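To start, the structure under review is shown below, and the notes come after it.
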Amino acid sequence: RSPSRGLGDVYKRQDQGRYVLEALMCGAHLQTYSDKDIRRIMYVCPDIAGYPGTKLLSLVWEVRMCEHLQTSTRMQRATHQRLTNVWSKLQLVELLDPEFDLCVVIDTDTMATRCMNDLFFHHAPAAVWRGTKTILQGKKRDARSYGTPATGGKQLGGINGGLVLM
């Protein structure tokens, strides 16, 4: 093995460990701050499934296996390297028809600090806005917060895919 490949393997293992730890923390907080009848389902792709700590996820999640969603070469070039596989979460829509009427998608780096059951009372689809202004829950976003002539029309925010109601 070349030193750079060995170092890459170390970083990959650290990333896997970080993902698993984030998922454990997120699941534990959701378990604490959600009704007992709300199911927590974690989709795990093969690159994480082989990590030894992944077995612990079943303590707080119903674990299901999935493959990474394949994207076009064009999409891969346009996406930041750390977001290459982020599209895999779109597979969650498969849960909607046969099993559930609503699904809240939460990234593992999200930590519940209070009951999140009220998320299910919004009209789907819904998402959290990211941007330069605070938008209160249930309020429409001011069109000027998207980008203005003063910013050269540059996008000032958008949807945070880390918390979405489908």
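Worth knowing before you read on, the calculation uses all heavy atoms, side chains too, and leaves out hydrogens, waters and symmetry mates. Throughout, numbering of the chain's residues begins at 1 and tracks the sequence. Since we're looking at a predicted model, the values are computed, not measured.
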N/O donor-acceptor pair under 3.5 Å between W61 side chain and A23 backbone: yes
S34 (side chain) donor-acceptor with Q31 (main chain) under 3.5 angstrom: no
Contact summary for T110 and C26, nearest pair of heavy atoms: O-SG, 3.3 Å
Joint hydrophobic cluster, I38 plus F121, side-chain heavy atoms closer than 4.5 Å: no
Heavy-atom side-chain contact between M42 and E62 under 4.5 Å: no
Residues that E67 engages under salt bridge (Lys or Arg N to Asp or Glu O under 4.0 Å), provided they are two or more places apart: none
From CA spacing to verdict: side chain to side chain contact (heavy atoms under 4.5 Å, CB included), V105, M166: CA-CA 8 Å; V105 181; M166 296 192 284; 3.3 Å; yes
Check: F120 and D118 side chains under 4.5 Å, non-hydrogen atoms: no
Side chains of V63 and L57 in contact at under 4.5 Å (non-hydrogen atoms): yes
Contact check, side chains of R64 and I41, non-hydrogen atoms, under 4.5 Å: yes
Closest contact, heavy atoms only, P46 versus C66: CD-O, 3.1 Å
Close side-chain approach of V104 to V164, heavy-atom, < 4.5 Å: no
Hydrophobic cluster identity match, Y19 and L59, side-chain contacts under 4.5 Å: yes
Heavy atoms of other groups near D35 CG, more than 12 under 6.0 Å: yes
Pairwise distance CD1(I106) to CG(L163) - rounded to 0.5 angstrom: 5.5 Å
Counterpart residues, side chain to side chain contact (heavy atoms under 4.5 Å, CB included), relative to A112 (two or more places apart): H29, L30, Y33, M116
Joint hydrophobic cluster, V20 plus M25, side-chain heavy atoms closer than 4.5 Å: no
Donor-acceptor pair, side chain of R40 and main chain of V60, under 3.5 angstrom: yes
OG1-CE distance between T32 and M111, expressed to the nearest 0.5 angstrom: 11.0 Å
side-chain hydrogen bond (donor to acceptor under 3.5 Å, both in side chains) against T108, all qualifying residues, sequence neighbours excluded: E22
